[in-house]
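Let me begin by handing over the structure; questions about it come next.
Quick note on labels: first sequence line is chain A, next is B, and so on, each numbered from 1.
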Protein chains: 2
Amino acid sequence: MAHTASSDWEASAREALSAAGHRTGGAREAVVVQLAHQSCCLSAQEISDELRGKGKDIGLASIYRALDLLHEMGLVQRVEIGDGGARYEPVVPGGEHHHHAVCDTCGRVTAFEDDRLEQQLERLAGRLRHSMSGHDIVIHGDCARCARK
Amino acid sequence: MAHTASSDWEASAREALSAAGHRTGGAREAVVVQLAHQSCCLSAQEISDELRGKGKDIGLASIYRALDLLHEMGLVQRVEIGDGGARYEPVVPGGEHHHHAVCDTCGRVTAFEDDRLEQQLERLAGRLRHSMSGHDIVIHGDCARCARK
DNA sequence: GTGAATGCAAACTCTTTGCATGACT
DNA sequence: AGTCATGCAAAGAGTTTGCATTCAC
């Protein structure tokens, strides 16, 4: 069975958490699993809804606490796509890294990857003498479907 | 006397507003002036503080309404730098266009420009068949000053 | 004079915090 | 057993909205 990026992340997140002395409770564990099974960014509310759909009724506060911790540990990235709320997605070290195009009309979020963009950003950060722990790129506009109308 | 990008923006913003049938009240006018005199992004609260310092006591709600309108008209861009709040900056059509590097330690925001990055993004948007009305790039990390420590 | 613009206060959303309870090691 | 994790409810920050008043045209 092939390793997937998400199961790798799930395993390494669990390992990092336990190495840092954190216990394995139901709430944080559920958040880790949910994030691992998601390809793109999720808001705290969306995580809560997804989990409730699976019969796991986790308090929103615990979800925020779990996300905070994972973010501090560098295991998730915080993404803001312009709707006033925050979203989170797993950080796979050395792995796939994507950004987001948001449709101003329908609100759909499209993920995209581009190596040249990444390289350009690395170069830029060097030029600015600004270390880069992460970066967000958000494209606003109309998606292919909405632009057609 | 040389034209500056900001005074151009101020004039064109005023023109666009009056062309759209908006009256010239004190609050919106003050917001336009404040934005024009600022090189980088400002939050609603910061605009309010700046204006109060100049003796203009403008209600926060009016500032938000002015920013909303300017944003809808494409005269300002909304920027989120990861602190949970929104910032706004003038959009100078065909003019200078910059992005932001945020220091995770001291919170300072550094603006930067890069033409190749812009070109790359244009190309990318075309590839995604996603029209691009705007885009944000935020680099997170430590600024030169904080990284030294 | 008429309708848009403004200010205030209340409402609203997203997020964080305090505290008592429950669960992992 | 001891301590961290969790849930609930309340608090907080940022933003939006309702409504009466004021002001630009």
Side-chain angles (χ1 to χ4, degrees), chain A residues 13-35 41-52 54-73 75-88 107, chain B residues 13-35 41-52 54-73 75-88 107:
Chain A
R14 260 196 272 262
E15 191 177 350
L17 285 167
S18 100
H22 292 286
R23 297 179 181 174
T24 307
R28 194 154 53 209
E29 170 66 12
V31 171
V32 168
V33 170
Q34 186 59 41
L35 281 172
C41 52
L42 286 176
S43 67
Q45 188 62 62
E46 284 166 349
I47 292 172
S48 168
D49 293 344
E50 292 276 346
L51 290 175
R52 182 167 304 116
K54 293 177 183 170
K56 290 177 193 284
D57 236 312
I58 308 290
L60 252 183
S62 302
I63 293 175
Y64 277 109
R65 277 189 279 238
L67 291 171
D68 250 27
L69 178 61
L70 292 167
H71 183 235
E72 272 169 28
M73 298 181 69
L75 292 163
V76 305
Q77 171 158 24
R78 206 170 179 274
V79 177
E80 291 181 335
I81 60 169
D83 64 349
R87 282 146 197 281
Y88 300 84
Chain B
R14 260 196 271 264
E15 191 177 350
L17 286 167
S18 100
H22 291 287
R23 297 176 180 177
T24 307
R28 192 155 54 211
E29 171 65 12
V31 171
V32 168
V33 170
Q34 186 59 41
L35 282 173
C41 51
L42 287 175
S43 68
Q45 188 63 61
E46 284 166 350
I47 292 173
S48 169
D49 293 344
E50 292 276 346
L51 290 175
R52 181 168 303 117
K54 295 177 182 169
K56 290 178 194 284
D57 235 313
I58 308 290
L60 252 185
S62 301
I63 293 176
Y64 278 110
R65 277 189 278 239
L67 291 171
D68 250 26
L69 178 61
L70 292 167
H71 184 235
E72 272 170 27
M73 297 180 69
L75 292 163
V76 305
Q77 171 157 24
R78 206 170 181 275
V79 177
E80 291 181 335
I81 60 170
D83 63 349
R87 282 148 196 280
Y88 299 83

task: To the nearest Å, give me how far apart CZ (Arg23(A)) and C1' (dA23(C)) are.
output: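 Distance check: Arg23(A) CZ to dA23(C) C1' gives 8 Å.
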message: How close do Leu60(A) and Ser48(A) get, counting heavy atoms only, and between which atoms?
response: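 Scanning both residues, the minimum pair turns out to be CD2-CB, 4.2 Å.
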field: Which residue lies more 5' along DNA chain D, comparing Gln45(B) with Thr24(B) via nearest heavy atoms
entry: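 Upstream on the strand: Gln45(B).
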query: Is Gly26(B) touching bases, backbone alone, or none of the nucleic acid, heavy atoms closer than 4.0 Å?
result: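 Sugar-phosphate: the residue Gly26(B), judged by heavy atoms under 4.0 Å, touches backbone atoms but no base.
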- request: Would you mind reading off the distance between Leu42(B) atom CG and dG14(D) atom P, rounded to a whole angstrom?
  value: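 Rounded to the whole Å, the gap is 15 Å.
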task: Measure from CG on Leu51(B) to C1' on dG7(C) and round the result to the nearest Å.
output: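 So the CG-C1' distance, Leu51(B) to dG7(C), works out to 15 Å.
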- request: Starting from C1' on dC23(D), measure out to CD on Glu29(B) and report it in whole angstrom.
  value: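 Nearest whole value for this atom pair: 15 Å.
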message: Side chains of Lys56(B) and Gln34(B) only: does a donor on one sit below 3.5 Å from an acceptor on the other?
response: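 Side-chain D/A pair, Lys56(B) to Gln34(B): absent.
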message: Does any part of the side chain of Leu75(A), heavy atoms only, come nearer than 4.5 Å to the side chain of Val32(A), both counted from C-beta?
response: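 The answer is no, as the side chains (C-beta and beyond) never meet within the 4.5 Å cut-off.
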message: Return the NE2 to CD distance between His22(B) and Glu29(B), rounded to the nearest 0.5 Å.
response: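 Interatomic distance, His22(B) NE2 to Glu29(B) CD, rounded to 0.5 Å: 14.0 Å.
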- prompt: Do any of residues 81-88 of chain A sit with a heavy atom less than 4.0 Å from DNA chain D, and if so which?
  reply: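 Result for residues 81-88 of chain A: none.
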message: If you compare all heavy atoms of Tyr88(B) against all heavy atoms of Leu35(B), which two are closest, and at what distance to 0.1 Å?
response: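 Shortest heavy-atom contact: O-CD2, 3.8 Å.
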task: Using a cut-off of strictly less than 4.0 Å, decide whether His22(B) has a side-chain nitrogen or oxygen near OP1 or OP2 of dA5(C).
output: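 For dA5(C), OP1/OP2 do have a side-chain N/O of His22(B) under 4.0 Å.
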task: Calculate, to the nearest 0.5 Å, the distance between atoms CG and OG belonging to Asp49(A) and Ser43(A) respectively.
output: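 Those atoms lie 7.5 Å apart.
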task: With a 4.0 Å heavy-atom cut-off, tell me which residues in residues 54-72 of chain A come close to DNA chain D, sorted by residue number.
output: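 Here the set is Asp57(A), Ile58(A), Gly59(A), Ala61(A), Ser62(A), Arg65(A).
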Side-chain heavy-atom pair Val33(A), Leu51(A) within 4.5 angstrom cut-off: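 Counting from C-beta outward, Val33(A) and Leu51(A) never come under 4.5 Å.
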query: Less than 4.5 Å apart, any side-chain heavy atom of Leu17(A) and any of Leu70(A)?
result: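 Contact flag for Leu17(A)/Leu70(A) side chains = yes.
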Heavy-atom pair with the smallest gap, counting every atom of Arg87(B) and Cys41(B):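 Where Arg87(B) meets Cys41(B) most closely, the heavy atoms are CB-CB, 3.6 Å.
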message: For Met73(B) versus Ala20(B), what's the shortest heavy-atom pair and its separation?
response: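 Minimum heavy-atom contact is CE-CB, 3.9 Å.
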His71(B) side, atom NE2; Asp68(B) side, atom CG - distance, nearest 0.5 Å: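 Result: 8.5 Å between the selected atoms.
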- request: Have a look at the helix from dG1(C)-dC25(D) to dT25(C)-dA1(D) and give the angle its two end axes make, five pairs each, rounded to 10 degrees.
  value: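 Roughly 30° between the end axes, to the nearest 10°.
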